[in-house]
Peer 1: 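I am attaching a structure below and will ask some questions about it afterwards.
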Amino acid sequence: MSTEFGKGCHLHLIDGSAFIFRAYHALPPLTRKSDGLPIGAVAGFCNMLHRYVEGNTGPDAPTHVAVIFDHSGKSFRNDMYDLYKANRPPAPEDLRPQFPLTRDATRAFNIACKEIEGFEADDIIATLACQAREAGGRCTIISSDKDLMQLVGDGVEMLDAMKNKRIDRDGVFEKFGVGPERVVDVQALAGDSVDNVPGAPGIGIKTAALLINEFGDLESLLDRAEEIKQPKRRQTLIEKRDQIELSKRLVQLDCEMELDFTLDDLEVKDPVSEELMNFLAEMEFRTLTKRIAEQLGVEAPVINDTPQQGASAAGEVDVPEDLPFDPEAYAWVKDAEGLQTWIDAAYKRGYVAVDTETTGLDEMRVDLVGICLSSEAGQACYVPLTHKAGSDDLFGSDQLAEGQMDLEQALAMLKPMLEDESILKIGQNMKYDAKIFSRYGIEVGPIDDTMLLSYALHAGIHGHGMDALSERYLNHTPIPIKSLLGSGKSAITFDRVPIEDAVKYAAEDADITLRLWQKLKPQLHQEQVTTVYEKLERPLVHVLKDMEMTGIKVDRDVLSRMSNSFAQKMAGYEAELYELAGHEFNVQSPAQVGKILFEEMELEGGKKTKTGQWSTPADVLEDLANEHTFARRVLDYRQLQKLKSTYTDALQDHIHPDTGRVHTSYLQSGASTGRMASNDPNLQNIPVRSEEGRKIREAFVADEGKVLLSLDYSQIELRILAEMAGIDALKQAFKDGHDIHAMTASEMFDVPMSEMTPEIRRQAKAINFGVIYGISAFGLARNLHIPRGDAQAFITRYFERFPGIRTYMDDTKAFAKENLYVQTLFGRKIHMPEINAKGPRAGFAQRAAINAPIQGTAADVIRRAMIRMPDAIKDLPAKMLLQVHDELIFEVAEDAADQVIAVAREVMEGAAAPALHMSVPLVVDAGRGANWAEAH
DNA sequence: GACATCACG
DNA sequence: GACGTACGTGATGTCC
């Protein structure tokens, strides 16, 4: 009963992308109840489609209809102009996974759903509209996109579904000042900032229409540009002719695309009840399912939207009733065909859990061994790529094992999906995998990270490693990696693991990651940490990745010379110590040092550690050092030993052979407060306090022609304390740029600023720090080497002068006891499970509760600065290299240093805004130099 | 692998 | 009245 499209037929073409975005913005961020899949745009899309179908009655009803989508990725216009649509922001993260679902929705309504790779929806619409016109039929384009207005006329009209307004030739004239056939000419001149079509600078739609109407068309205008009276306009049109002609080609829609379907294929069909019902039920749209079921006269299917985990309180463990883990279900992907099915699955779902297997843990050095994918719980695959044959061979064979895809081929297949804006890639510690992929030419994005989900949700409650999360939230113990690799000397690398074993282990990781994501993602809303995750965690991953991959240049010779010098001095100290002790011993053993001091030399005041051995920390030795050369020399020896082993020796091993730079790794979820931790090597504890140690920073250098910059927040934690506790005197001092410690001293001890002594100021400074740490008389006494009673008197006096501090501390403790967590000013939660403990642990927890919001807010501030920094400096010859809690290190071309300092300082000082308006200014100090010692 | 020590903010 | 404390990290060495 197919009718050939022709006279009397009416084609409706729906601009699918417009529907999606309108739906997305019209609705709150709904998620599917059972698994937290973002679903708001799909819900809106279905409502709009449904309303559209309902409205299709009467003489204007279509005989043919299709929804046209933009295909993801670049279009042929990017070949003409690589900046086309370049400044368009990527689709929101929670929208991307919904793109494929809107296609499914369209098909569920039994409406033709079309998209073609390399073309935009507008071109398909143009081609179909022209075909309809030539066949003598009518066409209505349901869109308000002005780019489509060039198609209007001779039976083609547009319908703005939002305003329910038809746009005919008059409507086009109203908008562009010319008829549809001249619209592209006007657009070519006016350009389009949204699509990044350059056009003619300085000419807008009004002027463009004026010119086109005067000269007839664009070509005549450009040919006769000399005749234009206004000099500026004339010059622009002559000079920018190429750009204008390019713009015309960009806005000109392609009416003659080759399509693999005809108009006849688009005939209006009634929905197939069962398919539509199944889809709506799968999406868990209760209202819509019920309403449409009634209209179709069928029974609405039962919707099972029981969340896969109970509405759990923070940290509560719930045992899932979920499907069991079945290693036999995991697939070994051996060829392109097999891999394609998994890529297809990722596209169907819109998300995929990804995990890489490598030959080690150092992302900058290891090789990729295999890749795992999973888009549905219980189903996962492993794609082995570089496993070696014959693992039992003593030397190992370099021959590749059988049953593996070619590495290049697999990566070429995966790259488009891993980089596809519409596919969410889920990983556990995704920074690791992103770095590996980046070294193989793939920039993974967008991403979700289960480790960071856990961190945003449960910092302070438990760790965020995969094994711990799996046991806690999936009630499943993953296969230990040790069972495959062994441990110690006999450990092998992953490429030596037999593939059949690797499949079970590796695919399981992807399966676990996906299930964790399904469980944890919906909890963000329940715990009200969505913004923390979205604004402070997820965007940081790629920033850290880039910093780590850039690394910092370290001069091996400087370190090597220092090592030698230290070794010589240490040998001297060692001989002297043997002499003083009367025998040889291990200077590096605190137990032996303690024995000599407190038993052989019979000195007083020795304390024992909880394990019963003599305690010999630096402050104890320091007390003895003036009287006893032995103690002094142990201290001297220890200082050099520390500097040598941890820094001058170890750092040399961390210099990457190819880059000549040191690449640390930041642990984003390391510290419960929101701070980062740095490891392998730790570049956040490079010596600076001692003269000797500071020299190590001279080994951290800028590349030739460049300098290092150091920008650090001045007193950020005290400023935040003043802000949080609302201490007017402190706030005012910061606003006036006063010396805050001197001011505190003046207030506390009634000393005028003019009579301030360094000693009084030092004591006030210690108190200020103590407050941040959750002050105690004992701690302050020890720090200042004063009697405990004096320390208590200081604290009492301090609280008298700044009563707001005491209130803040009491309020914070009370909040923590009530809620079992504390919060930063940006909403980060730091859980305090021990806050109501009895005994000495209570004190710990209370001080931690006081410190965490302060330290955490400072950490949030610098995170915000770091996240904004890449964009701020993107046009400058500068790279951000390191973060040290309140300091950022950059490497910049020498002549751009001042400019970068200005830009980076602005970003850092303004980092709290706009989320938080601080009444205390944040101040950033900057330094520059050939090395880190000079820059600091 | 636990503990002690010490480097940083 | 005694308990035993400054907050947050990571790396190294000893010793079991």
Peer 1: With A:Gln588, which residues qualify under side-chain contact (heavy atoms from CB on, under 4.5 Å), at least two apart?
Peer 2: A:Asn586, A:Tyr637, A:Gln641

Peer 1: Strictly below 4.0 Å, heavy-atom distances to any atom of DNA chain C: list the hits from residues 840-854 of chain A, or just say none.
Peer 2: A:Phe844, A:Arg847, A:Ala848, A:Asn851

Peer 1: Rounded to whole Å, how long is the line connecting atom CD1 of A:Ile835 with atom C1' of C:dC7?
Peer 2: 13 Å

Peer 1: Heavy-atom contacts under 4.0 Å between residues 674-691 of chain A and DNA chain C, which residues?
Peer 2: A:Arg675, A:Ala677, A:Ser678, A:Asn679, A:Asp680, A:Asn682

Peer 1: Please list every stem that involves DNA chain C, where a stem is a run of 3 or more consecutive Watson-Crick or G-U wobble pairs with both pairing distances under 3.5 Å.
Peer 2: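 Runs of three or more consecutive pairs: B:1-9 with C:7-15.
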
Peer 1: Strictly below 4.0 Å, heavy-atom distances to any atom of DNA chain C: list the hits from residues 634-656 of chain A, or just say none.
Peer 2: A:Gln641, A:Lys642, A:Ser645, A:Thr646, A:Ala650

Peer 1: May I have the distance from A:Lys610 (atom NZ) to C:dC3 (atom P), rounded to whole angstrom?
Peer 2: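 Interatomic distance, NZ of A:Lys610 to P of C:dC3: 17 Å.
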
Peer 1: Could you list the residues that satisfy ring-ring contact (aromatic ring centres under 6.0 Å, His included) with A:Tyr666, not counting sequence neighbours?
Peer 2: none

Peer 1: What residues, two or more places apart in sequence or in another chain, satisfy ring-ring contact (aromatic ring centres under 6.0 Å, His included) together with A:Tyr578?
Peer 2: A:Phe585

Peer 1: Under the side-chain contact (heavy atoms from CB on, under 4.5 Å) test, which residues partner A:Ile481, sequence neighbours left out?
Peer 2: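 For A:Ile481, the residues satisfying side-chain contact (heavy atoms from CB on, under 4.5 Å) (neighbours in sequence not counted) are A:Leu485, A:Phe494, A:Tyr505.
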
Peer 1: Tabulate atom names and distances for all N/O pairs under 3.5 angstrom spanning the protein and nucleotides 14-16 of chain C.
Peer 2:
unit_1, atom_1, unit_2, atom_2, d
C:dT14, OP1, A:Asn586, ND2, 3.2
C:dT14, OP1, A:Gln588, NE2, 3.3
C:dT14, O3', A:Ser589, OG, 3.4
C:dC15, OP1, A:Ser589, OG, 2.5
C:dC15, OP1, A:Gln592, NE2, 3.3

Peer 1: What is the 5' to 3' range of DNA chain B, first to last nucleotide, that sits under 4.0 Å from any heavy atom of chain A?
Peer 2: B:dC3 to B:dG9

Peer 1: With sequence neighbours left out, write down each residue that passes ring-ring contact (aromatic ring centres under 6.0 Å, His included) with A:Tyr647, or none if nothing qualifies.
Peer 2: none

Peer 1: Mind checking side-chain contact (heavy atoms from CB on, under 4.5 Å) for A:Ile835 and listing every partner two or more places apart, or none if nothing turns up?
Peer 2: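 A:Ala816, A:Lys817, A:Leu820, A:Met832, A:Ala845, A:Gln846, A:Ala849.
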
